[in-house]
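By convention in this document, chain letters (A, B, ...) are assigned in the order of the sequence lines, proteins followed by strands, and residues within each chain are numbered from 1. Note that this is a predicted model, so its numbers are computed, not measured.
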Protein chains: 2
Amino acid sequence: MPRGRPPLRNREQVLAAAVRLADADGLDAVTMRRVASEIGAGAMSLYTYVPDREHLIDLMVDRVAGEMELPALTGDWRADLFALVGAQRAMMLKHPWLTGALAGRSVMGLNLLAYLEHGLGALEPSGLSGGTRMAVLALLTGFVASYVTAELAGDSTGTEQVTQIVAAMASGDFPRLAAAFAEGGSEPPDFERIADWVITGLVNQATGNS
Amino acid sequence: MPRGRPPLRNREQVLAAAVRLADADGLDAVTMRRVASEIGAGAMSLYTYVPDREHLIDLMVDRVAGEMELPALTGDWRADLFALVGAQRAMMLKHPWLTGALAGRSVMGLNLLAYLEHGLGALEPSGLSGGTRMAVLALLTGFVASYVTAELAGDSTGTEQVTQIVAAMASGDFPRLAAAFAEGGSEPPDFERIADWVITGLVNQATGNS
DNA sequence: CCCTTTTTCGTACGCTGTACCGAAAACAGT
DNA sequence: ACTGTTTTCGGTACAGCGTACGAAAAAGGG
């Protein structure tokens, strides 16, 4: 039996409120006071459910990682990996603060472990060794993270930066850059195409050389 | 002729002090007051040289990007890309705060544009289209960033996290993960090997399918 | 010598994370 | 019922943050 005064709230509610705030107003809006008042609690009460703000953010990351729906494995590692990176991209687009939260941090909650486990399962038919499979997965998640970062940044690149880039183009100091922009427009190849390159190319290379 | 009171310092000194602080004590140590006192100035004087803290960090990123030495192109795109990612990794290891600073941010200073220009040059002999070459470069920088993040985090993964991971292994809920760890040890394949996979595999795939 | 322009930086405000601590609320034992 | 014991609750307080504001200082031009 629990001994003391029973908690009025639980960690789940705290995390839900924090994620809601971050989705709406960005990671900086996730302050202890705002999260607390969001669930009608005093600021210091949060420390019952969470050790400090850093851990709160770690927990938020693992929480949204748990939202990913990982479809059952088909045995076709190419298709399974494709679904995996798609799920990760969808999650990161839904929670734009993730790109900022993951920076430099190395979280490893249960949901992220489950994600890894799923990925290892997808790669099982490939015949790669365990260490290599881990490396491939790390690479893929890194690829998705950096792609989504670019994707999100593209939507809201500041006017000043555009100005500077245009000026740099006009200066003639970056001929290849200017050519690339002039030629292809600024939109990157779509996610599916690149993901396909990476998955196929990477695994082919790994099976050949490892 | 300059009209008003001449500045006692310049942006260069501010950036140098800020980078020194970040290298020594992390990005959080880069506060306006500390940077200012580092160069013997009052806190508010910084705003003469830098619009605000966010821009200061953008400028720091571009500054260390300028430190990279990009060796002259050889015409062998595989070797040239290899040198490129090596330079980026060295820079990120030298300035560990970069992984955190780049999060969610999309900086585009002159030095970063020069980096891109160099990369496009390296890919010129590959025969890829401009847009595709940009995509390949974005992929490579993303790969390096995520590899170095893991590399740095590995050095100092908290005790608690290790505890949790070990517990998760023992629970039997993550059989493939446990197997991968048991089999290969925890060290990832070295940077050079993976970089080789990525570069070769990716470009092969891109030339074939694009 | 003063006027204009620019840099310098002390003061002040609102906000942050969180240490500390008394009050409140539950159960266990008498 | 009453009295510990244990836990949560949340107010107060403090150091530190970014930065708005404005007065003082330092230069050149007339």
Those residues at least two apart in sequence (or on a different chain) that pass side chain to side chain contact (heavy atoms under 4.5 Å, CB included) with B:S171 are B:D173, B:F174

Between B:A29 and A:L8, the residue closer to the 5' end of DNA chain D by nearest nucleotide is A:L8

TODO: Tell me whether the centres of the aromatic rings in B:F191 and B:F82 are closer together than 6.0 Å.
DONE: no

Residues passing the salt bridge (Lys or Arg N to Asp or Glu O under 4.0 Å) test with B:R5, sequence neighbours excluded, are none

Outermost contacting nts on DNA chain D, any atom under 4.0 Å from chain A heavy atoms, listed 5' then 3', are D:dG4 to D:dA13

Contact check, residues 34-54 of chain A vs DNA chain D, heavy-atom distance under 4.0 Å, returns A:A41, A:G42, A:M44, A:S45, A:T48, A:Y49

So, with a heavy-atom separation below 4.0 Å from DNA chain D, the residues of residues 9-17 of chain B are none

Rounded to whole Å, CG of B:D28 lies from P of C:dT16 at a distance of 16 Å

One should read off an interatomic distance between A:L15 CG and A:Q13 CD, to the nearest 0.5 angstrom, of 10.5 Å

Atom CE of A:M32 and atom C1' of C:dA19 are separated, to the nearest Å, by 13 Å

The reported gap from CD1 in B:I39 to CZ in B:R34 (rounded to nearest 0.5 angstrom) is 14.0 Å

Salt bridge (Lys or Arg N to Asp or Glu O under 4.0 Å) filter on A:R3, not counting sequence neighbours, yields none

Margin query: Taking A:R193 first and then A:D190, would you say they form a salt bridge - that is, a charged N and a carboxylate O separated by under 4.0 Å?
Written below: yes

Residues 102-119 of chain A vs salt bridge (charged side-chain N to carboxylate O under 4.0 Å, His left out), sequence neighbours excluded, gives A:E54-A:R105, A:D58-A:R105, A:E117-B:R176

With sugar-phosphate taken as primed atoms, P, OP1 and OP2 and all else as base, the protein-contact string of nucleotides 22-30 of chain C at under 4.0 Å (heavy atoms; B, S, -) is --BBBSS--

Side chain to side chain contact (heavy atoms under 4.5 Å, CB included) filter on A:I165, not counting sequence neighbours, yields A:M169, B:M108

Residues passing the side-chain hydrogen bond (donor to acceptor under 3.5 Å, both in side chains) test with B:E67, sequence neighbours excluded, are B:H95

Applied to residues 28-60 of chain A, the ring-ring contact (aromatic ring centres under 6.0 Å, His included) test, sequence neighbours excluded, yields none

Contacts of A:A138 meeting side chain to side chain contact (heavy atoms under 4.5 Å, CB included) (sequence neighbours excluded), chain-then-number -> none

Review point. If you measure from the Lys or Arg side-chain nitrogens to the Asp or Glu carboxylate oxygens, is any gap between A:K94 and A:D23 under 4.0 Å?
Key: no

